[in-house]
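Comments concern the structure below.
Side chains are part of it too, since the values below use all heavy atoms of this structure and drop only hydrogens, waters and symmetry mates. This chain uses plain numbering: 1 for the first residue, then up along the sequence.
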Amino acid sequence: ALAPGVTALAPGVTALAPGVTALAPGVTALAPGVTEEAAADARDQRSAVRCGARTRTGRSRKRALPARAGRQHKQDGRPGERVGVAVQTPPPPPLHPREMFEDRRRAAPVGAAWCSGEVRRKEVSHSRDCSPDRHICRGIFQIEKRSCDVLLTASRLEWTVIEPESPAGDGATISQREAEFLELNEVFAVKMKRRRSMKQHNGGTLLGIAIFVCVNKGQNKLKHRVIHLSNLSEDHCNIWFKYLKDLLNGFFPNRPKSLKVIINPYSHKKEAKQVYQEHVAPIFKLADIRTDITITEYEGHGFLVLKECDIQEFDGVVCVGGDGTASEVARALLLRAQIDAGKDVDSNFTPVRAPLPLGIIPAGSTNILAFSVHGVKHPVTAAMHIIMGNLQEVDVCTFSSHNRLLRFGFSGMFGFGGRTLALAEKHRWIPSKERREFAVIKTLANLKSEDCEISFLPSKNTHLDNQECKRNGNGTNAEEQCSEYEWKSMQGDFINISIMAIPCLCSMAPRGLAPDTRSVTVD
């Protein structure tokens, strides 16, 4: 029989003294005033005495981890609170790129890095600033058949080759290699890399992530190359793929996502459609650019299409052809802008800018406009400039007669040049080289001058103005004396008059027919 107030205990359980709380299995009660740190140090000392000096170091390291964690936990707790069990808090998850776009003041902590085998990894401290080098995520991939520690920041992708430890076991690596990096503004596409069979269109075995980069090949040419991040983990690759896609979509808003494409199938040797399908369309598909393609059937078809379609649905217009196709599309965009702005084109008016940029894919017999903008006749280079969102301002002329607009254009030739181009256009059935030679010889046979009056406003080039004023011996008020210009007139017999708003570069004229026009910079 039990005494009043005493409860029966289970077998193997001892009654506790008043004020003593039962502990979980494996947890030892601490004496009053003794903390977990002191108890851990005492256990380490006793273990070192039993196991010897050689084992003492290893056991001390293992015991020190929960002790340090306990101290950290105690600092985070309330003052005077006694901690019985050390708990190691997992690292905070990485900040999503979308959250960085919403609040740029927030920091991006580093996620947990993982490694396997006998390799070393470089520890990265938590980033608490808003610089472009803030850390987003970190992991291990195989790049060019080498295991690399890869770090993704808001502006670049860095990787360091992982080296094995030395055979001595002292923790030192065999050699040290510098970290390689890739700026994200050079990346234009990210894809998941999978192995599929010939008849398989979806799914497949995951191999990693493919990053497509725009590189400068030299001589103003651009091309793309691929960097493969190999990893067989589906979850790991999905996380990295999502981060990279969000960064590309968030930090580069000027890159087009939807384009209206005008193709002239009769340009040059009727190869414009083939040039687009083989060299341009695959790159647009890699960059996830939606395209609405129109193949023109007659002269002026592209002008009518752009005049009637809803251009607000697109981020830009791309023409595939020669200089004639580019001029027609540019004229349509500019005329559409004047009509939408309420301008009266039958009067003397100040033109407004076109609402959309124009991309030019060279695929014609003459590609002076594309050569002047890109510095080279190369369809892939033109496509890469469009994908990367590189914009270049280009001047355009308005040709009017009696205050009535005739057309917009990049250049115009009157006299010998105008007659030669008009004659060559009438003989399109002749090959391009023979056609140009025929037109030049026939026009020279009937060469004659024209009585014209030209009115022009001298260029306000500050560098040239200062040099001219210094020649006059007065350099104190150079800008005041040379900045005031008036219209000047010239009258006489002219064989040819060329009006150009672009340098008109080509293979036969590397500096251009008008090198003193606004200089063109190729990014």
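Side-chain contact between L259 and F314: absent, with no pair of heavy atoms (C-beta onward) separated by less than 4.5 Å. Side-chain contact between C148 and I140 is absent, with no heavy-atom pair separated by less than 4.5 Å. Annotation: side chain of V190 is in contact with side chain of V187 (closest heavy-atom distance under 4.5 Å). By the 4.5 Å heavy-atom criterion applied to side chains, I262 and V318 are not counted as neighbours. Counting heavy atoms from C-beta outward, K193 and L206 have side chains that stay 4.5 Å or more apart. Residues S455 and W487 form a side-chain contact, since some pair of their non-hydrogen atoms from C-beta on lies under 4.5 Å apart. Looking at L184 and L247, their side chains come closer than 4.5 Å, going by heavy atoms from C-beta outward. Put simply, the side chain of F399 does not reach to within 4.5 Å of the side chain of F408, judged on heavy atoms.
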Test side-chain contact (heavy atoms from CB on, under 4.5 Å) applied to E297 and I295, step by step: CA-CA 7 Å; E297 301 176 357; I295 300 178; over 6 Å; no
Worked verdict on V380 versus L222 for side-chain contact (heavy atoms from CB on, under 4.5 Å): CA-CA 7 Å; V380 175; L222 300 179; over 6 Å; no
Criterion side-chain contact (heavy atoms from CB on, under 4.5 Å) on V261 and D292, from CA distance to verdict: CA-CA 6 Å; V261 181; D292 183 15; over 6 Å; no
Check against side-chain contact (heavy atoms from CB on, under 4.5 Å), V329 and F303: CA-CA 6 Å; V329 174; F303 180 86; over 6 Å; no
Criterion salt bridge (charged side-chain N to carboxylate O under 4.0 Å, His left out) on K442 and E437, from CA distance to verdict: CA-CA 9 Å; K442 189 170 183 179; E437 294 177 353; over 6 Å; no
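Of all the heavy atoms in E393 and R353, the pair that sits closest is OE2-NH2, 3.5 Å. Contact record, A210 with V226: CB-CG1, 4.0 Å, taken as the closest heavy-atom pair. Pairing each heavy atom of I289 with each of P256, the nearest pair is CG1-O, 3.6 Å. Closest approach of G359 and I386 over heavy atoms only: CA-CD1, 3.8 Å. Closest approach of P282 to H279, counting heavy atoms only: CD-C, 4.1 Å. In terms of heavy atoms, I143 sits closest to L229 at CD1-CD2, 3.3 Å.
When the shell of 6.0 Å around CZ of F284 is examined, it contains more than 12 heavy atoms from other residues, nucleotides or ligands. Within a 6.0 Å radius of CD in Q200, more than 12 heavy atoms belonging to other residues, nucleotides or ligands are found. A 6.0 Å sphere centred on CZ of R407 holds no more than 12 heavy atoms belonging to other residues, nucleotides or ligands. Annotation: E434, atom CD; neighbour count of heavy atoms from other residues, nucleotides and ligands within 6.0 Å is above 12. The local environment of NZ in K285 is sparse, with at most 12 non-hydrogen atoms from other residues, nucleotides or ligands closer than 6.0 Å. In the displayed structure, K245 atom NZ is contacted under 6.0 Å by more than 12 heavy atoms of other residues, nucleotides or ligands. Counting non-hydrogen atoms of neighbouring residues, nucleotides and ligands closer than 6.0 angstrom, the NZ atom of K223 reaches no more than 12 such neighbours.
In this structure, R435 fails the cation-pi test against F438, since its NZ or CZ atom is not both closer than 6.0 Å to the six-membered ring centre and inside 45 degrees of the ring normal. A cation-pi arrangement is found for R156 relative to F181, the charged atom lying closer than 6.0 Å to the ring centre and inside a 45° cone about the ring normal.
The NE2 atom of H378 lies 11.0 Å from the CD atom of Q219; values are rounded to the nearest 0.5 Å. A distance of 11.0 Å separates CG of L369 from OG1 of T325, quoted to the nearest 0.5 Å. A distance of 8.5 Å separates CZ in F371 from CG in N220, rounded to the nearest 0.5 Å. One finds the SG atom of C214 at 3.5 Å from the CE atom of M384 (value rounded to the nearest 0.5 Å). Taken from CD in E313 to CG in D310, the straight-line distance is 4.5 Å, to the nearest 0.5 Å. Between the CG atom in L232 and the SG atom in C237 there is a gap of 8.0 Å [rounded to 0.5 Å].
The closest donor-acceptor contact from the side chain of N264 to the backbone of G322 lies at 3.5 Å or more, if one exists at all. A donor-acceptor contact shorter than 3.5 Å is absent between the side chain of E144 and the backbone of R146. Distance alone, capped at 3.5 Å, places no donor-acceptor pair between the R331 side chain and the G409 backbone. A side-chain donor-acceptor contact under 3.5 Å links S372 to the backbone of C504. Using a distance-only test at 3.5 Å, with no hydrogens or angles considered, no donor-acceptor pair links the side chain of T160 to the main chain of D149. A donor-acceptor pair under 3.5 Å links the side-chain atoms of T296 to the main chain of I263, judged by distance alone. In this structure, N367 contributes its side chain and G364 its backbone to a donor-acceptor pair below 3.5 Å. Judged purely by atom type and a 3.5 angstrom limit, Q142 has no side-chain atom pairing as donor or acceptor with the backbone of S147. For the pair E180 (side chain) and E158 (backbone), a donor-acceptor distance under 3.5 Å is absent. Judged by distance alone, the side chain of S347 and the main-chain N or O of D344 form a donor-acceptor pair under 3.5 Å.
Taking a cutoff of 4.0 Å between a charged side-chain nitrogen and a carboxylate oxygen, D315 and R290 do not qualify as a salt bridge. Under the 4.0 Å criterion applied to side-chain N and carboxylate O atoms, K269 and E271 are not assigned as salt-bridge partners. For D288 and K191, the salt-bridge test passes: some basic side-chain N is under 4.0 Å from an acidic carboxylate O.
Classification of the F188-F212 ring pair by plane angle, with boundaries at 30° and 60°, yields tilted.
Taking the side-chain hydrogen bond (donor to acceptor under 3.5 Å, both in side chains) definition, one finds that E450 meets it with R419, sequence neighbours left out. Under the rule for a side-chain hydrogen bond (donor to acceptor under 3.5 Å, both in side chains), S258 has no partner lying at least two apart in sequence or in another chain.
Using modelled atom types, one finds no donor on one side chain facing an acceptor on the other under 3.5 Å when comparing S233 with H236. Looking only at atom types and distance, the side chain of S498 has a donor-acceptor partner in the side chain of N496 under 3.5 Å away. A donor-acceptor pair shorter than 3.5 Å can be found between the side chains of K260 and T294.
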Contacts table for residues 333-342: side-chain donor-acceptor under 3.5 angstrom, sequence neighbours left out:
residue, atom, partner, partner atom, Å
R336, NE, D340, OD2, 3.3
R336, NH1, L306, O, 2.8
R336, NH1, K307, O, 3.3
R336, NH1, C309, O, 2.9
R336, NH2, C309, O, 3.1
Q338, OE1, V352, N, 3.0
Q338, NE2, L334, O, 2.9
Q338, NE2, V352, O, 3.0

